[in-house]
Amino acid sequence: MNWLTNYVRPKIRALYARKEVPDNLWHKCPSCESMLFHRELEENLHVCQHCGFHMRLDPVKRLETMFDDGAYESVELPKSVADPLKFRDQKRYTDRLKEAQTKTGRTDAIVVGEGRIGGHAAVVAAFDFGFMGGSMGIAVGEGLLTAARLAVAKNAPLIVVPASGGARMQEGILSLMQMPRTTIAVEMVKEAGLPYIVVLTDPTTGGVTASFAMLGDIHIAEKGAQIGFAGARVIESTIRETLPEGFQRSEYLMEHGMVDMVVHRRDLRPTLVRTIGLLMTPRLDAVAEDIDLSAAQGVDGEPAQLPQSATQPVAQPATQATAAQPAATQQASSQQASPQPAAPVQAGDD
């Protein structure tokens with residue numbers, strides 16, 4: 001019986017055994033529950049091709065979709081204190097950080113990159129919801145300050161892509177202090193005259209919404225993104241009323257003036273290219289007014305030629321010229337028609 005057990009039976013099992021299929025080949029849409037093949041899902045930027053539901057996107061993948069040819073340079077962020085309050089609930093905060101770092105391969109919930117979008121230099125800071133829900137702590141505040149300083153140094157617009165549940169409770173008051181810190185970072189960019197654009201993704205809630213996420217010059221939101229401060233159930237239990245359909249969704253916020261535009265993920269990059277091009281291209285009339293005559297000094301001290309538009313006098317509008325012509329003609333005719341005063345008669349003249 002040994003040869004049957006040791007040789008024949010394994011051969012038969014090998015013929016009829018089911019092959020193991022990797023678990024990550026198929027994904028289930030959270031909205032319509034359709035099964036999506038992983039390659040098709042990646043080609044569609046993690047958007048369900050059946051119902052259009054926008055799933056959460058890895059920050060590195062998002063940066064690749066936003067920059068020209070997917071090329072950018074990662075910005076090294078300063079190290080911060082890991083556990084300033086020695087916090088512990090069911091687990092130690094340090095243990096939670098290690099688990100999140102092992103899972104995502106990142107030090108914290110923010111990734112900063114610099115590159116070009118539509119040929120213009122740009123700095124992008126993207127959140128990773130997979131890292132403790134994208135919560136904002138000291139490290140995230142330092143990351144946003146670093147991104148703002150880099151944008152000012154590079155004379156580039158700052159684009160922030162939040163995906164966060166709010167402030168990180170394990171850091172207590174120190175996490176709430178990041179709200180004014182990130183507000184100062186935004187003001188640095190605005191004082192330099194540079195655009196600050198916020199791309200709101202699912203979800204953007206809590207202290208993130210109450211600080212830098214709602215201070216943008218332009219707010220762009222992905223379709224169906226949840227955007228708000230408190231949760232819908234908390235609001236319903238507080239006001240004791242049923243909330244309208246689509247409450248705290250990007251389409252609802254655009255209808256009420258909180259968001260400038262709602263775009264599909266595949267249209268996000270063209271929208272950013274067009275927006276940055278409009279905000280960073282100087283106006284022609286402003287360029288003409290800001291001509292520096294000292295810079296027009298040519299070689300060997302001889303003045304260089306200015307542009308023709310800057311040297312020619314401005315022509316009088318036709319409407320003003322035609323309006324002034326009858327008045328001048330009438331004045332000349334009145335002077336000709338008026339009689340000349342007679343010369344005084346002197347004594348002795350006959």
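The shown structure was predicted, so the numbers you read here are calculated from the model rather than taken from an experiment. We use all heavy atoms of the structure for the numbers below, so side chains are in, but hydrogens, waters and symmetry mates are not. For reference, positions follow the sequence shown, starting with 1.
- Taken from CD in Glu255 to OG in Ser250, the straight-line distance is 10.0 Å, to the nearest 0.5 Å.
- Counting heavy atoms from C-beta on, the side chains of Glu40 and Leu36 never come closer than 4.5 Å.
- Note: the hydrophobic cluster containing Ile138 does not contain Ile184 (ILVMFWY, side chain heavy atoms under 4.5 Å, direct or indirect links).
- Side chain of Ser164 to backbone of Val208: no donor-acceptor contact under 3.5 angstrom is found.
- Looking at Thr146 and Val112, their side chains never come closer than 4.5 Å, going by heavy atoms from C-beta outward.
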May I have the list of side-chain donor-acceptor pairs in residues 80-96 shorter than 3.5 Å, sequence neighbours left out?
residue : atom : partner : partner atom : Å
Asp83   : OD1  : Lys86   : N            : 3.1
Asp83   : OD1  : Phe87   : N            : 3.1
Asp83   : OD2  : Phe87   : N            : 3.4
Asp89   : OD1  : Lys91   : N            : 3.1
Asp89   : OD1  : Arg96   : NE           : 3.4
Asp89   : OD1  : Arg96   : NH2          : 3.4
Lys91   : NZ   : Glu99   : OE1          : 3.3
Lys91   : NZ   : Glu99   : OE2          : 3.0
Tyr93   : OH   : Arg168  : NH1          : 3.0
Tyr93   : OH   : Glu171  : OE2          : 2.7

### Full working for salt bridge (charged side-chain N to carboxylate O under 4.0 Å, His left out) between Arg181 and Glu142
CA-CA 9 Å; Arg181 290 189 74 202; Glu142 288 288 347; 2.9 Å; yes
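- A 4.5 Å side-chain heavy-atom check between Pro203 and Phe129 finds at least one atom pair inside the cut-off.
- With rounding to the nearest 0.5 angstrom, the NE2 atom of His38 is 9.0 Å from the CH2 atom of Trp26.
- Between Ala148 and Ala185 the shortest heavy-atom distance is CB-O, 3.4 Å.
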### Query
Between Val111 and Leu63, does a side chain to side chain contact (heavy atoms under 4.5 Å, CB included) hold up when you go through it step by step?
CA-CA 9 Å; Val111 178; Leu63 292 180; 3.7 Å; yes
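- Neither Phe131 nor Val124 shares a network with the other; the hydrophobic side chains, linked directly or stepwise wherever heavy atoms of I, L, V, M, F, W or Y lie under 4.5 Å apart, form separate groups for each.
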### Query
Where do Cys32 and Cys48 land on the side chain to side chain contact (heavy atoms under 4.5 Å, CB included) test, with the steps shown first?
CA-CA 9 Å; Cys32 66; Cys48 178; 3.7 Å; yes
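- For the side chain to side chain contact (heavy atoms under 4.5 Å, CB included) with Val160, the lone residue among Leu144, Val199, Ile197 that qualifies is Leu144.
- For the pair Asp68 (side chain) and Gly118 (backbone), a donor-acceptor distance under 3.5 Å is present.
- Residues passing the ring pair (Phe, Tyr, Trp, His ring centres under 6.0 Å) test with His54 are His264, sequence neighbours excluded.
- Under the 4.5 Å side-chain heavy-atom criterion for ILVMFWY residues, a single connected hydrophobic cluster contains both Phe127 and Met66.
- Looking at Leu57 and Thr201, their side chains never come closer than 4.5 Å, going by heavy atoms from C-beta outward.
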### Task
Take Phe67 and Ile117 through the side chain to side chain contact (heavy atoms under 4.5 Å, CB included) test and state the conclusion after the steps.
CA-CA 5 Å; Phe67 286 107; Ile117 299 178; 3.8 Å; yes
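- Counting heavy atoms from C-beta outward, Phe212 and Met136 have side chains that approach closer than 4.5 Å.
- Side-chain contact between Thr183 and Leu215 is present, with heavy atoms from C-beta onward closer than 4.5 Å.
- Surrounding CE of Met280 are more than 12 heavy atoms belonging to other residues, nucleotides or ligands, all under 6.0 Å away.
- The heavy-atom pair separating Ser34 from His50 by the smallest distance is CB-CD2, 3.6 Å.
- In this structure, Val140 is not a member of the same hydrophobic cluster as Met169, with clusters built from ILVMFWY side-chain heavy atoms closer than 4.5 Å.
- Thr204 places no side-chain N or O within donor-acceptor distance of the main-chain N or O of Leu200, the cut-off being under 3.5 Å.
- The distance from the CG atom of Leu158 to the NZ atom of Lys190 is 11.0 Å, given to the nearest 0.5 Å.
- Leu176 CG to Met179 CE: the interatomic distance, rounded to the nearest 0.5 Å, is 7.0 Å.
- With hydrogens and angles ignored, the 3.5 Å screen pairs no side-chain donor or acceptor of Asp108 with any backbone N or O of Ile110.
- Note on ring orientation: taking the six-membered ring where Trp is involved, the planes of Tyr252 and Phe247 are perpendicular (angle over 60°, cut-offs 30° and 60°).
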### Task
Quick one: do Asp128 and Arg56 satisfy salt bridge (charged side-chain N to carboxylate O under 4.0 Å, His left out)? Show the steps, please.
CA-CA 9 Å; Asp128 184 5; Arg56 289 166 189 147; over 6 Å; no
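- Considering all non-hydrogen atoms of both residues, Thr104 and Ala100 come closest at OG1-O, 2.8 Å.
- Under the 4.5 Å side-chain heavy-atom criterion for grouping Ile, Leu, Val, Met, Phe, Trp and Tyr, Leu145 is not connected to Leu150 through any hydrophobic cluster.
- The pair Asp58-Arg106 counts as a salt bridge, with a side-chain nitrogen and a carboxylate oxygen less than 4.0 angstrom apart.
- Rounding to the nearest 0.5 angstrom, the gap separating the CG atom in Leu97 from the CD atom in Gln170 is 8.0 Å.
- Arg269 is not listed as a side-chain neighbour of Thr65, based on a closest heavy-atom distance of 4.5 Å or more.
- With hydrogens and angles disregarded, no donor-acceptor distance shorter than 3.5 Å links the side chain of Asp217 to the backbone of Pro195.
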Under 3.5 Å, side-chain donor or acceptor atoms of residues 218-235 against the rest of the protein: list the pairs with distances, not counting sequence neighbours.
residue : atom : partner : partner atom : Å
His219  : NE2  : Ala213  : O            : 3.3
His219  : NE2  : Gly216  : N            : 3.2
Glu222  : OE1  : Arg265  : NH2          : 2.9
Glu222  : OE2  : Arg62   : NH1          : 2.9
Glu222  : OE2  : Arg62   : NH2          : 3.4
Glu222  : OE2  : Arg265  : NE           : 3.0

#### Entry: Stepwise side chain to side chain contact (heavy atoms under 4.5 Å, CB included) test for Glu236 and Thr242
CA-CA 6 Å; Glu236 276 189 336; Thr242 303; 4.2 Å; yes
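- Taking CD1 from Ile276 and CZ from Arg274, the interatomic distance works out to 11.5 Å, rounded to the nearest 0.5 Å.
- Residues Met55 and Pro30 have side chains in contact (heavy-atom distance under 4.5 Å, counting atoms from C-beta outward).
- Across all non-hydrogen atoms, the minimal contact from Ala147 to Val123 is O-CG1, 3.8 Å.
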